[in-house]
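Reviewing the structure listed below.
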Amino acid sequence: MRLLAMLWLILVGAPWAFAAEGKPHELSPKATILWDFGWFAITNSMVVTWTVAALLIVITQVAMSRGNAVPTGLQNFWEWLIEGLHEFLEGLLGAHLIKGTFWFFASLFLFILFTNWFGLVPGVGTVGWGVVEDGHFHLTDPWMRGGNADLNMTSAMALLFFALWLFWSIRALGVGGFLAHIFGGQGGTGAMRVFFVAIFFFVGLIEVISIAFRPVSLSFRLYGNVFAGENILESMLAHPWLGWLLPLPFYFLELLVGLVQALVFTLLTAVFTSLMIGQGHSEQGHGTKAPEGAPAGH
Amino acid sequence: MFAALTGSLHIGLAALGSAIGVGFIGMKAAEATGRNPGAAGEIRNMAIIFAALAEGVVFFAIFLVKQG
């Protein structure tokens, strides 16, 4: 699919590289402010965030309003979605841990997925105020912009997860257990023991750095992918006479990227949580880092 | 033609690295699924996670490199 898209780009895009006239559409990394109340401003990505959140709440209420035993229609779809997510995450987190954390991972996944796809609805990001320059209309500040195409949104989610991760880990392991888990490690006797303790202390430091880097990597990855996708579509629309055809394959590519990024963000947060307090993690003796099947993300 | 080359070497190298990384992940995932079709689900999940981790690197370069 991507190869086809690349071929398409070369065949259709190449002449554009030389024939492009007019300034290339450059999507600004910052969301444009719609209403400024001095101390608090509402930007166009906040508008999309609220709309998607409201949409999710309304759909869930409507789906579950009748709540009959044999689900049909919207309720059936919504139950299938939630149960599928629950089953999928249970495989990762284990039955004990998922009870306390499923609410977060499910809403995270659904919110990111629908925000990404909502940002691709025609009209979002292309409708808004602008100026008329040399004859035709230039859009300066669109009314709506993809929620995740704004670093504030993604870092808010990443930091929220980091706080929750700390809370869950300390609640499950206790502060001592939490530190022992990061710096813990036995092995060796007598003089060798001191040597091992020093080694595990430095391993713990590296672990702390990698833990601290997680919110940065989570937020940059989601923001980067979504923002780059919107930039690709935006700059392709500038094609003089084929602007509508060129971005078509990349539009569907963005649908896929939206799904994958939502899946990845949720999977990584679930994996990070299960690394700390996963299946039987706390009951097991604190050997060196228990060799988990799950990958240690950075 | 080369005199007009502009842009940042950092981002180019980061993109090169992450593309190679994602390519390797895809190759090995396909191989692993071929060798053990039963575990296709888990392999796909891990491949998606690792591909995303590899792809994340290029965005660190894009946003953290000082422009110019």
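Convention: sequence-line order gives letters A, B, ...; per-chain numbering from 1.
- Contact count versus chain B (heavy atoms, under 4.5 Å) is highest, among A/Val260, A/Val216, A/Asn225, A/Leu218, for A/Asn225.
- Here A/Phe88 pairs with nothing under the ring pair (Phe, Tyr, Trp, His ring centres under 6.0 Å) rule; sequence neighbours left out.
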Distance-only donor-acceptor pairs under 3.5 Å for side chains of residues 105-120 of chain A, two or more places apart:
residue	atom	partner	partner atom	Å
A/Ser107	OG	A/Trp103	O	2.5
A/Ser107	OG	A/Phe104	O	3.1
A/Thr115	OG1	A/Phe111	O	2.4
A/Asn116	OD1	A/Asn148	ND2	2.7
A/Asn116	ND2	A/Ile112	O	3.4
A/Asn116	ND2	A/Gly258	O	3.1
A/Trp117	NE1	A/Leu255	O	3.0

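- Between A/Arg221 and B/Leu53, some side-chain heavy-atom pair lies under the 4.5 Å cut-off.
- Nearest heavy-atom pair, A/Ala228 versus B/Phe59, reported as atom, atom and distance to 0.1 Å: CB-CE2, 4.0 Å.
- Taking CD1 of B/Ile48 as the start and CG of A/Leu268 as the end, the distance is 11.5 Å to the nearest 0.5 Å.
- Of the atoms belonging to A/Leu151, not a single heavy atom falls under 4.5 Å from chain B.
- In this structure, A/Leu92 CG and B/Asn45 CG are separated by 8.0 Å, a value rounded to the nearest 0.5 Å.
- The distance from atom CZ of B/Phe60 to atom CZ of A/Phe220, rounded to the nearest 0.5 Å, is 8.0 Å.
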